Student: 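Below are the structure tokens for one structure; questions will follow.
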2 protein chains.
Amino acid sequence: MNKKDIIEKLNKSGLKATHQRVAVLDALMKTKTHPSAEELYKTILKQYPTISLATVYKTLESLKEVGLVRAIKTDCDYVRYDAITTNHFHLYNPEQNKLEDYYDNDLKSIIDNYFKNKKIDNFEIKEINLQLIGEFK
Amino acid sequence: MNKKDIIEKLNKSGLKATHQRVAVLDALMKTKTHPSAEELYKTILKQYPTISLATVYKTLESLKEVGLVRAIKTDCDYVRYDAITTNHFHLYNPEQNKLEDYYDNDLKSIIDNYFKNKKIDNFEIKEINLQLIGEFK
DNA sequence: TATTAACTAGTAACGATTATTATTTAGGAA
DNA sequence: TTCCTAAATAATAATCGTTACTAGTTAATA
């Protein structure tokens with residue numbers, strides 16, 4: 001995705017398309033490692049040496065609020081981020097601290113269909129968060 | 001579950017059955033709110049006024065290592081704990097910061113069966129972590 | 001181009017968690 | 001039972017990811 005598209009994405013979400021926000025969203029969309037704010041900051045510094053770590057945090061928070069970005073909590077002690085593309089799940093290994101996307105439309109359908117029929121008392125599902133813990137081979 | 005059973009549980013797991021560990025496990029098993037270490041500490045203080053917060057943290061870590069306790073990460077900024085009984089899922093609302101157990105053997109079977117047939121390349125599942133985000137009514 | 005609300009940089013502060021260390025204790029051996 | 005010792009705890013300092021603060025800057029609109 002090029003810069004124009006990113007700027008449009010931001011504007012559509014009601015956020016000012018600042019250089020910093022474009023840089024953060026761009027960097028996050030380009031990686032598959034689900035970086036922390038700090039990792040993202042270090043990456044962005046190479047292209048944008050004056051950006052502040054606090055800005056990266058604040059930007060991620062703003063992007064999260066408008067739904068362009070998702071925070072992923074794992075067993076590790078910092079938050080990792082995910083540029084939202086489509087519904088997917090995650091594979092995680094705590095020893096390696098490795099986190100990967102897992103796309104599985106079949107499983108997604110199965111779970112979605114399940115909850116179409118089975119309603120939970122006193123709870124309305126907005127989002128399904130599935131993390132598979134295990135070992136990468 | 002009474003104290004004797006808790007002590008046995010600890011011994012079976014290879015942990016010394018100290019008063020502190022019994023108190024922590026007992027308190028965690030008695031609640032359904034999935035408390036944080038600090039909340040648990042405050043609860044335990046009433047019965048055990050000399051226990052230290054650091055001990056609660058360390059104890060939870062030990063119990064987690066042997067599989068008697070599970071850490072639950074949510075959108076909120078602290079870790080919540082769960083005395084493991086049987087496989088279950090969680091319902092969570094970020095605004096209310098409310099976290100509840102969700103038992104659903106049907107869904108559990110569906111997912112387990114799904115992964116009996118469908119293997120993920122280069123990944124062996126050890127545990128399935130499902131959080132349903134939504135609104136309590 | 002001028003205006004201004006929104007945003008950012010730099011840094012201090014916060015708070016959940018972990019590390020440290022002197023003291024205490026659980027559980028096995030004598 | 002008493003003794004012994006490795007393991008655990010209490011108290012508190014330190015850590016570190018994240019957030020708050022504030023003076024200065026900028027994107028977007030007229």
Side-chain angles (χ1 to χ4, degrees), chain A residues 3-4 6-25 27 34-42 44-45 47-66 68-69 71-81 94 97 99, chain B residues 3-4 6-25 27 34-42 44-45 47-66 68-69 71-81 94 97 99:
Chain A
K3 265 189 191 174
K4 269 199 181 145
I6 293 178
I7 290 172
E8 203 182 308
K9 229 183 215 291
L10 288 168
N11 286 332
K12 271 189 190 164
S13 303
L15 293 178
K16 276 192 184 176
T18 64
H19 297 151
Q20 292 88 341
R21 282 175 180 163
V22 174
V24 168
L25 193 47
H34 300 301
S36 65
E38 183 111 28
E39 285 165 346
L40 214 43
Y41 168 66
K42 282 179 187 161
I44 296 166
L45 271 186
Q47 306 298 325
Y48 197 136
T50 59
I51 199 169
S52 158
L53 175 58
T55 298
V56 174
Y57 272 102
K58 237 175 162 303
T59 297
L60 288 168
E61 182 57 31
S62 304
L63 295 173
K64 188 178 139 191
E65 274 167 18
V66 301
L68 291 176
V69 151
I72 312 172
K73 302 272 186 131
T74 65
D75 191 53
C76 79
D77 58 357
Y78 52 82
V79 180
R80 301 171 73 149
Y81 290 89
N97 194 24
L99 181 65
Chain B
K3 265 188 194 177
K4 268 199 181 144
I6 294 178
I7 290 172
E8 203 182 306
K9 229 184 214 295
L10 289 168
N11 286 332
K12 272 188 190 162
S13 304
L15 292 179
K16 276 191 185 177
T18 64
H19 297 150
Q20 292 88 340
R21 283 175 179 163
V22 173
V24 168
L25 193 47
H34 301 301
S36 64
E38 181 110 28
E39 284 165 347
L40 215 41
Y41 167 66
K42 283 179 187 162
I44 296 166
L45 271 187
Q47 306 300 324
Y48 197 136
T50 59
I51 199 170
S52 157
L53 175 57
T55 298
V56 175
Y57 272 102
K58 237 174 161 305
T59 297
L60 288 168
E61 183 57 31
S62 305
L63 295 173
K64 187 178 138 191
E65 274 167 19
V66 301
L68 290 176
V69 151
I72 312 172
K73 301 271 186 133
T74 65
D75 191 54
C76 80
D77 58 356
Y78 52 83
V79 179
R80 302 171 72 149
Y81 291 89
N97 193 23
L99 180 66

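Within every chain, numbering begins at 1; the chains are lettered A, B, ... in the order of the sequence lines, protein sequences first and strands thereafter. Because the structure is a prediction, the values reported are computed rather than measured.
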Student: Of all the nucleotides listed (dA9(C), dG27(C), dT9(D)), which has the minimum atom distance to the side chain of Thr59(B)?
Tutor: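 Of the options given, the side chain of Thr59(B) lies nearest dT9(D).
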Student: Determine, for Asp75(B) against Lys64(A), whether the closest basic-nitrogen to carboxylate-oxygen distance falls under 4.0 angstrom.
Tutor: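 Salt bridge present between Asp75(B) and Lys64(A).
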Student: Just N and O in the side chain of Ser52(A): are any of them under 4.0 Å from OP1 or OP2 of dG10(C)?
Tutor: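 So the side chain of Ser52(A) is outside the cut-off, no N or O lying under 4.0 Å from OP1 or OP2 of dG10(C).
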Student: Identify whether any heavy atom of Thr18(A) sits under 4.0 Å from a base atom; if not, whether one sits that close to sugar-phosphate; answer base, sugar-phosphate or nothing.
Tutor: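 It contacts sugar-phosphate atoms only.
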Student: If you only use heavy atoms from C-beta on, which nucleotide in dA8(D), dT8(C), dT11(C) is closest to the side chain of Arg21(A)?
Tutor: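 Of the candidates, dT8(C) comes closest.
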Student: What is the distance from CG of Asp75(A) to P of dT18(C), rounded to the nearest Å?
Tutor: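 Distance check: Asp75(A) CG to dT18(C) P gives 10 Å.
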Student: More than 12 heavy atoms of other residues, nucleotides or ligands under 6.0 Å from NZ of Lys58(A): yes or no?
Tutor: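 Atom NZ in Lys58(A) is not packed in, count stays at 12 or less.
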Student: Nearest heavy atom decides the nucleotide; on that basis, is Ala37(B) or Leu15(B) closer to the 5' end of DNA chain C?
Tutor: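 Here Ala37(B) is the residue nearer the 5' end.
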Student: Does a side-chain N or O of Asn11(A) approach OP1 or OP2 of dA27(D) to a distance below 4.0 Å, or not?
Tutor: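 The answer is no; no side-chain N or O of Asn11(A) sits under 4.0 Å from OP1 or OP2.
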Student: In whole angstrom, give the distance that lies between atom CG of Asp77(B) and atom P of dT19(D).
Tutor: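 In whole Å, dT19(D) P lies 7 Å from Asp77(B) CG.
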Student: Closer than 3.5 angstrom, by distance alone: can the side chain of Arg80(A) be matched with the main-chain N or O of Ser36(A) as a donor-acceptor pair?
Tutor: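 Not a single qualifying donor-acceptor pair exists.
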Student: Return the minimal non-hydrogen interatomic distance between Val56(B) and Ala37(B), and the atom names on each side.
Tutor: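 Scanning both residues completely, I find the closest heavy atoms to be CG1-O, 3.6 Å.
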Student: Nearest whole angstrom, please: distance from the P of dC7(C) to the CG of Leu53(A).
Tutor: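 Computing the Leu53(A):CG to dC7(C):P distance gives 19 Å.
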Student: Are Lys4(B) and Glu8(B) close enough, and set up right, to give a salt bridge (charged side-chain N to carboxylate O under 4.0 Å, His left out), and what steps lead you there?
Tutor: CA-CA 6 Å; Lys4(B) 268 199 181 144; Glu8(B) 203 182 306; over 6 Å; no
Student: Rounding to an integer number of Å, can you tell me how far Ile44(B) CD1 sits from dA10(D) P?
Tutor: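 Rounded to whole Å, this separation is 10 Å.
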Student: Write down the distance between OH (Tyr41(A)) and P (dG10(C)), rounded to a whole number of angstrom.
Tutor: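 Value for this atom pair: 8 Å.
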Student: Does a side-chain N or O from Gln20(B) land closer than 4.0 Å to OP1 or OP2 of dA10(D), or not?
Tutor: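 Answer yes for this pair, as a side-chain N or O of Gln20(B) is under 4.0 Å from OP1 or OP2.
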Student: Without decimals, in angstroms, what is the distance between Tyr48(A) OH and dT25(D) P?
Tutor: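 Spelled out: OH on Tyr48(A) to P on dT25(D) is 13 Å.
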Student: Have a look at Tyr57(B) and say if it touches a base, only the backbone sugar-phosphate, or nothing, with a 4.0 Å heavy-atom cut-off.
Tutor: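 It contacts base atoms.
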Student: I want to verify a distance call: between dA10(D), dG27(C), dT8(C), whose nearest atom is closest to the Ala17(B) side chain?
Tutor: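 The nucleotide sitting nearest to the side chain is dG27(C).
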Student: Atom CD of Glu61(B) and atom C1' of dA7(D): how far apart are they, to the nearest Å?
Tutor: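 Taking CD of Glu61(B) and C1' of dA7(D), I get 16 Å after rounding.
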Student: Which part of the nucleic acid does Thr50(B) contact within heavy-atom distance under 4.0 Å: base, sugar-phosphate only, or nothing?
Tutor: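 Sugar-phosphate, no base atom in range.
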Student: Could you give the NZ-to-P distance, from Lys16(A) to dT4(C), as a whole number of Å?
Tutor: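 Rounding to the nearest Å, NZ of Lys16(A) and P of dT4(C) are 13 Å apart.
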Student: Which of the following nucleotides, dT9(D), dA5(C), dT17(C), is nearest to the side chain of Lys58(B)?
Tutor: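 For Lys58(B), the side-chain atoms sit closest to dT9(D).
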Student: Are His19(A) and dA27(D) close enough that a side-chain N or O sits under 4.0 Å from OP1 or OP2?
Tutor: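 The answer is yes; a side-chain N or O of His19(A) sits under 4.0 Å from OP1 or OP2.
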